Every structure is written in structure tokens, then in C-alpha cells.
Amino acid sequence: MKLKSVYKVPNGKLLKIFMDYDAEGNLIKDISITGDFFAYPEEAVELLEKKLRGARVDRDVLFSRINSVIEENDIEFIGLNVEGLTKAIMLCVYHE
Amino acid sequence: MSERWRFLLTPGKTAFENMAIDWAVLKANSTGSVPPTVRFYTWNPSAISIGYFQSLEEEVDLDMCKKLGVDYVRRITGGGAVYHEHELTYSIVIPESHPVIPRNILKSYDRICGALIKGLRYLGINARYAPINDILVGGKKISGNAQTRKSKVVLQHGTVLLDVDVDKMFSLLRVPSEKIRDKLISDVKQRVTSIKHVLGREMSFEEVADAMKKGFEEEFNVELVEGCLTKGELEDSKSFEKNYFSSYEWNHKK
């Protein structure tokens with residue numbers, strides 16, 4: 001199932017997430033993180049997308065998975081943060 | 001005696017050439033084959049650039065681009081979509097380790113934007129840096145900026161608006177719905193300005209370039225010495241243009 005969310009990060013930039021969703025397993029099949037934010041290094045976002053494949057769409061699971069990729073790879077976001085990214089991904093499935 | 005940096009004036013290039021040159025200069029600087037470099041340029045034909053992480057079709061009306069003869073290109077820097085028409089575009093390429101560049105990324109935006117703010121002052125315009133990546137005059141945006149760091153080199157490029165046509169801009173950029181198009185356009189008209197609007201008269205690219213050059217020299221206490229691209233840079237920029245910026249795969253990758 002193809003899903004999309006649009007989320008303005010508080011004090012940050014506009015995130016648009018495109019997700020290929022496995023509804024039966026509540027899993028991310030594939031994800032594209034897009035928007036007008038900054039990330040250093042830029043390749044980090046592709047790595048994040050890769051690491052999110054197969055992840056369960058659950059706030060805590062996503063938050064800790066994103067957080068560990070960021071810490072392990074020394075990634076710096078500007079106009080975006082782990083909370084905002086988690087929230088935007090959750091919004092693809094849960095529209096509240 | 002102040003440090004000498006290279007200064008490049010390359011008006012009238014295509015979007016693909018412009019983005020390829022910025023990357024080629026970054027690469028050349030990372031190997032130590034060229035000094036810190038400031039370049040001023042324009043876009044011919046006019047073009048939209050989108051941020052590295054943006055979705056092309058989500059942000060840009062490709063049919064309208066084709067109809068109006070406007071090119072589009074994905075940048076290697078993050079940030080938003082920009083319609084480049086009546087503007088001076090600058091780029092600066094400098095090692096991360098250079099003493100004038102703060103390690104902190106936001107502080108380095110602030111510092112580099114300081115050069116443009118000093119340049120605007122030479123035109124009689126009072127501007128200020130507004131994080132993350134804007135320069136404002138009277139609360140309205142006159143300049144947008146985007147920075148990447150690769151191979152221990154900083155590349156920042158950005159715009160100084162000479163004039164702005166918000167209606168044309170929004171015929172090329174996609175908006176969420178037709179319903180809010182008019183509201184959005186009037187909002188953006190309230191939030192965007194240009195040298196022409198602030199001064200009430202037109203300024204040529206050359207006049208603005210002179211002022212901005214002085215702004216960079218003053219901010220960084222350097223002398224900008226006019227030069228040209230090296231043979232290596234020209235070769236790299238041809239290859240980046242062909243393999244990245246003019247390719248379908250690159251521009252449509254998101």
C-alpha cells in the first residue's frame with residue numbers, strides 16, 4: 001500500500017514521507033524521506049531509508065532505530081530531528 | 001597583507017553547468033589544487049533548482065517548465081526549491097579547517113551570510129541573517145542559502161534577488177491545491193522581496209556583483225582576485241554535468 005504524509009517540523013522544515021506499507025505485518029516495505037531540510041552528510045538519509053526497511057510502524061521502534069543510525073554514523077540534521085522524523089513516518093499510517 | 005582568494009564571474013550558464021561547476025570547484029579545492037573560491041553567476045535559461053532531498057515531481061510542474069522553457073535541476077545541497085531568474089547567485093568553496101569557517105554549521109551559515117549582508121549595505125540595504133538559511137530585509141526574504149560539506153570542504157551557494165515574479169514562480173512550483181493557490185501567492189508576496197522592491201529602482205547584475213565582492217572581501221579580510229576555472233575543473237564539471245545534473249536518474253531520484 002502506498003502512503004504519504006506531510007509534516008512541518010516545529011521550528012524546522014517541511015517533511016514529505018512516501019511509504020510502501022505492509023498493512024498485514026504493520027511493516028515499512030520501503031520509504032522515501034523527502035523535504036527541504038539539511039542533513040550532514042547527505043548520504044545519511046539514504047542509509048536511514050535503508051535501515052528503516054522492514055521496521056515495524058511503532059513510535060518507540062522507529063525512534064530508537066532512527067536514533068541509533070544517527071548516533072552510529074555521526075549524522076547532523078538541520079531543520080529536522082528524530083522526534084519530527086518519527087512523527088512524520090507515524091502520520092503515514094495513523095492520521096491523528 | 002591579506003590572503004588572496006580566487007574570484008570567478010560566470011554569468012549566463014545553464015542550470016546543469018552551474019551545479020557542475022560548484023561541485024568541480026569543491027573537488028579541486030579538496031585536493032588543494034585551487035584556493036578558496038567565490039563565484040558569482042546567473043542562469044540562462046532561467047531554471048528551478050530543488051534541494052537534494054526534495055521530490056522533483058512533488059515540487060515542480062514539469063509541464064509548465066517545458067512550456068515556459070525553464071530548466072530544472074537537483075542540487076547537491078539540501079534546502080528548498082528556488083526559481084532562478086532575476087538574481088545574483090553566489091557560491092563559496094573553502095576548506096572546513098580554514099580559520100574563518102566556524103565548525104558549527106549554523107554558525108558558518110551566519111558567517112558566510114555576513115558577506116552578503118555587508119554587500120547589501122553597500123547598496124544601502126539593511127539586512128539580517130535569519131536562521132536556518134535566509135537573509136531578510138524588513139522581515140522579508142531577499143536571499144536563500146544552502147550549504148554542503150564534502151571531503152572536508154564547505155560549499156555554500158545562494159541567491160540575492162534583484163527582482164522577483166511571484167506569480168511566475170508559483171506557476172512553476174507545485175502548490176498543495178488550487179484552492180489555496182491564491183492565498184499562498186499573496187502570503188509569499190508578503191514574505192519575499194528583492195533589491196528592486198527595496199530600493200524602488202533596478203540594479204544591474206554588475207552593480208550588485210561589485211557590492212557583493214566588496215562584502216566578501218570585507219567580511220573575510222581577503223582580496224578576491226579574478227581568475228578562471230582550471231583545466232581539471234572544466235573536465236570535472238563536464239563529467240558532473242553529463243553524469244549527474246543533466247541526467248534523468250539524478251533529477252528524478254526522489
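These numbers were taken from a predicted model, which means no experiment stands behind them. Basis for what follows: all heavy atoms, side chains included, without hydrogens, waters or symmetry-related copies. Here is the naming used below: chain letters follow the sequence lines, and residue numbers restart at 1 for every chain.
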Could you tell me whether B:W43 and B:H86 have their ring centroids closer than 6.0 angstrom? no
Between A:S5 (side chain) and A:A88 (backbone), is there a donor-acceptor pair under 3.5 Å? yes
So, do B:F53 and A:F37 have ring centers that fall under 6.0 Å from each other? yes
Under a 4.5 Å cutoff for heavy-atom pairs, which residue among B:G79, B:G51, B:S55 has the most contacts with chain A? B:G79
Less than 4.0 Å between a side-chain N and a carboxylate O, is that true for B:D61 and B:R174? no
Given a strict heavy-atom distance threshold of 4.5 Å, which part of B:E59 is in contact with chain A: side chain, backbone, both, or neither? side chain
Toward chain A, the part of B:A81 with a non-hydrogen atom under 4.5 Å: neither
Which one wins on heavy-atom pair count under 4.5 Å against chain B: A:S32, A:G35, A:G79, A:P41? A:G35
Taking the six-membered ring where the residue is Trp, are the ring centres of B:W250 and B:Y52 under 6.0 Å apart? yes
Note: vs chain A, highest number of non-hydrogen pairs under 4.5 angstrom among B:I76, B:T77, B:I50, B:N133 is B:N133
